[in-house]
Each structure stands twice: as structure tokens, then as C-alpha cells.
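Heads up: the structure comes next, in C-alpha cells.
Each chain gets a letter, A, B and so on, in the order its sequence line appears, and its residues count up from 1.
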2 protein chains.
Amino acid sequence: MDAEQAAKTKLKEIGMRITPQRVLILKNIIAMNGHLTAEEIHRELPSFITLATVYNNLKYFAELNLINELSFGSSCSKYELADTSHYHVICESCQQIADFNYPLLNEVEYAAAQVAHFKVHRHTLEFYGLCQECKKKK
Amino acid sequence: MDAEQAAKTKLKEIGMRITPQRVLILKNIIAMNGHLTAEEIHRELPSFITLATVYNNLKYFAELNLINELSFGSSCSKYELADTSHYHVICESCQQIADFNYPLLNEVEYAAAQVAHFKVHRHTLEFYGLCQECKKKK
DNA sequence: TTTGCTGCAAAAGTTTTGCAAACTT
DNA sequence: AAGTTTGCAAAACTTTTGCAGCAAA
């Protein structure tokens, strides 16, 4: 299935109206497969789509757990597809984000839910440090 | 040792100039012992201290690892003292943050550093869900 | 005395919003 | 036809900055 079809399918699944804007935004997130800012996504889109529309839809997508909003580090949020489970390693010098695949910490999540009396439905784990290039520069 | 003395000691330790503004800001963070926004900290301070000064100093404090900046969830960052090791449980409905004490995941941190070729010096772990009150409301 | 810090005010940057027109279902 | 979504432009918010005067070492 190509990214466009995947985007439409996802939108249908979560019951959102399928507009060209939404399909294009989601398609780009799927195709670029990274950690993108609203601005970066907008830059790839045809110019009739406004940045406000991008922001509004990213917000909806995130609320419906289609994407994750990553708000650590730099001043603006980054977004990624929510369908892969992994953690993040972040360079504090150049802000680059790397994915880190590791078995999910389900027992820890369970313990946190018990102790805090929360209904926990997901967790994130971030490692902060210096990437290889920035390490060398110091 | 009271919060004021503790604040001065900490400032001296990290080699910052001791100004009344800094002592008051840090004293408040110590005394309130929570997860505070710049605005909330500013509100507690005498009015001659400007919000810009609060922001600037929070940034310095965070760079020198005196405090942690928590930037998940809501639109503005929250700050906490950096001297306790714990994780966070966040309510996605009311934005409340609870602390969760748990042994540090040092092996996972080591694995992440190896895989990503990063020099990792810290990590954070956040659990997202609903707190007891918000659970009831649904 | 030197250097760094603060207040002030303004700027910068990100994200949200109101509304009429256009589009999806 | 009903109800959403979009573009546009402006607003709202958080955070940063420039600079002159002041304060800490």
C-alpha cells in the first residue's frame, strides 16, 4: 500500500473526514518517516495548504493517537507516526533525534499506574546526551 | 538548612553570582517543591523581579543542571529541582504531574548509548494517562 | 573596577482562533 | 442539506533579546 492509500485508510479508521489537506499532511508524515516540525511538513506541501491547517490537523491527529507530538528539546514540537514503538535518544547540542528500539517497559508502566493511581495508556522514554559528531567537536 | 540558605549554597557551588533575584527564584523552587511554570514562579516573587529575569535565570539554572526543564504536555515548560531522581506520570486531561520513584534504568541507558552511538548523561521516563479524578469524570 | 545581571520594552517564534466560504458526507 | 473544514488574517502566548544603568565580586 502506498503512503496516500495508507493515509486515507487511517483517516477512515478513526472516523475523520477525508479532505485533500488531511490526506496530504498524513501522507507526508508517513512518507518522510521521521520527526518533523509543523513547519517542515508545511514546506513539503502544495502552497494552498496553510500552516494553520497543518497545525490544526496535527493537533487532531495527535488527539486521536494517530501521531505523537514530541515536545522535548527545541522550541517547537515534532511529530511522528504513532504506529511504531520505540524510544528516543536526543542530542542536546544539535537537537537531532534518533530512534531506539527496545522492548517496552510494561512492568514499569504497570508499577507507575499502581503507585500513582492513574490509568496509564502509554509511556515515553528519552535519553539525552551528545551524538557522535557533537561528541567529537567538544 | 532553610530554603534561602540552600539556594545561596547552590548558587555558590555552581559559581553563579548571587543576586537577590536568583536567591528568591531558587528559594521558591526549593520551597514549593513541585513542577512550576515560569509564570507561577514569577507570581510568587516580589514585583520588582520581571518575568524576563525569571526566564533568563531558569535557563541558566537548567543549563547548569540545577533544575530540570519539563517540556511535555502543556504549552509552557515546567521546572523542578534536579536533585531528586524520579519519573513522571502525567494526566492528559488536567495536566497534573505526579512523581514516580523507581530504580533508575541504567542498563537501558547503557544500551541506548551503545546502539545510538551517543554519550548519554541522563534520561527521562514519562507515563501518560488519566488521574483518579479525571478517570471518574469519564 | 570589572564583569555580569536586571529591568524595560520590544521582538521573535510558535500555535490558536474567528469567521465566511467551500467542501465532505 | 447538514455539518465540518479550510484559508486568511489576526491574536494569543511563551520565550528571547538589546541596551542602558546597576550591582556583585
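- Residues A:H35 and A:Q96 have side chains that never bring a donor and an acceptor to within less than 3.5 angstrom of each other.
- Using a 4.0 Å cut-off between charged nitrogen and carboxylate oxygen, B:E92 and A:R122 count as a salt-bridge pair.
- Rounded to whole Å, the distance from NZ on A:K8 to C1' on C:dT25 is 15 Å.
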Exercise. Given the rule that a pair is Watson-Crick or G-U wobble with both distances under 3.5 Å, how would you write DNA chain D in dot-bracket, using | for pairs to a different strand?
Worked result: |||||||||||||||||||||||||
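- Shown are B:L66, B:L24, B:I67; of these, the side chain to side chain contact (heavy atoms under 4.5 Å, CB included) with B:I29 is made only by B:I67.
- For B:T19, taking side-chain heavy atoms from C-beta onward, the closest of the listed nucleotides C:dT15, C:dT6, D:dT15 is C:dT6.
- Ring geometry for A:F100 against A:F127 counts as perpendicular: the plane angle is over 60°, on a 0 to 90° scale with 30° as the lower cut.
- Nearest-nucleotide mapping onto DNA chain D: of B:I18 and B:E69, the residue sitting toward the 5' end is B:E69.
- Residues from residues 22-51 of chain B placing a heavy atom under 4.0 Å of any atom in DNA chain C, listed by number, are B:R22, B:F48, B:I49, B:T50.
- Toward the 5' end of DNA chain C, the nearer of the two residues A:R17 and A:S75, judged by each one's closest nucleotide, is A:S75.
- Counted by atom type alone, A:S77 and A:E69 present one or more donor-acceptor pairs between their side chains at under 3.5 Å.
- Looking at residues 53-65 of chain B, you'll see B:T53, B:N57 sit with a heavy atom under 4.0 Å from some atom of DNA chain C.
- Between B:Q21 and C:dG7 there is a side-chain polar atom (N or O) within less than 4.0 angstrom of OP1 or OP2.
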For this session: Show your reasoning for whether side-chain hydrogen bond (donor to acceptor under 3.5 Å, both in side chains) applies to B:E126 and A:T124.
Result: CA-CA 5 Å; B:E126 292 93 33; A:T124 62; 2.8 Å; yes
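- The two residues A:A98 and B:F118 have their closest heavy-atom pair at CB-CE1, 4.4 Å.
- Put simply, the side chain of A:L104 reaches to within 4.5 Å of the side chain of A:Y87, judged on heavy atoms.
- A salt bridge does not link A:K27 to A:D2: none of the charged nitrogens lies less than 4.0 Å from a carboxylate oxygen.
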Exercise. side-chain hydrogen bond (donor to acceptor under 3.5 Å, both in side chains) between B:H88 and B:E80: does it pass, once the steps are laid out?
Worked result: CA-CA 11 Å; B:H88 292 115; B:E80 65 171 12; 3.0 Å; yes
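- Ring geometry, A:F72 versus A:Y128: the interplanar angle exceeds 60°, so the pair is classed perpendicular (tilted spans 30 to 60°).
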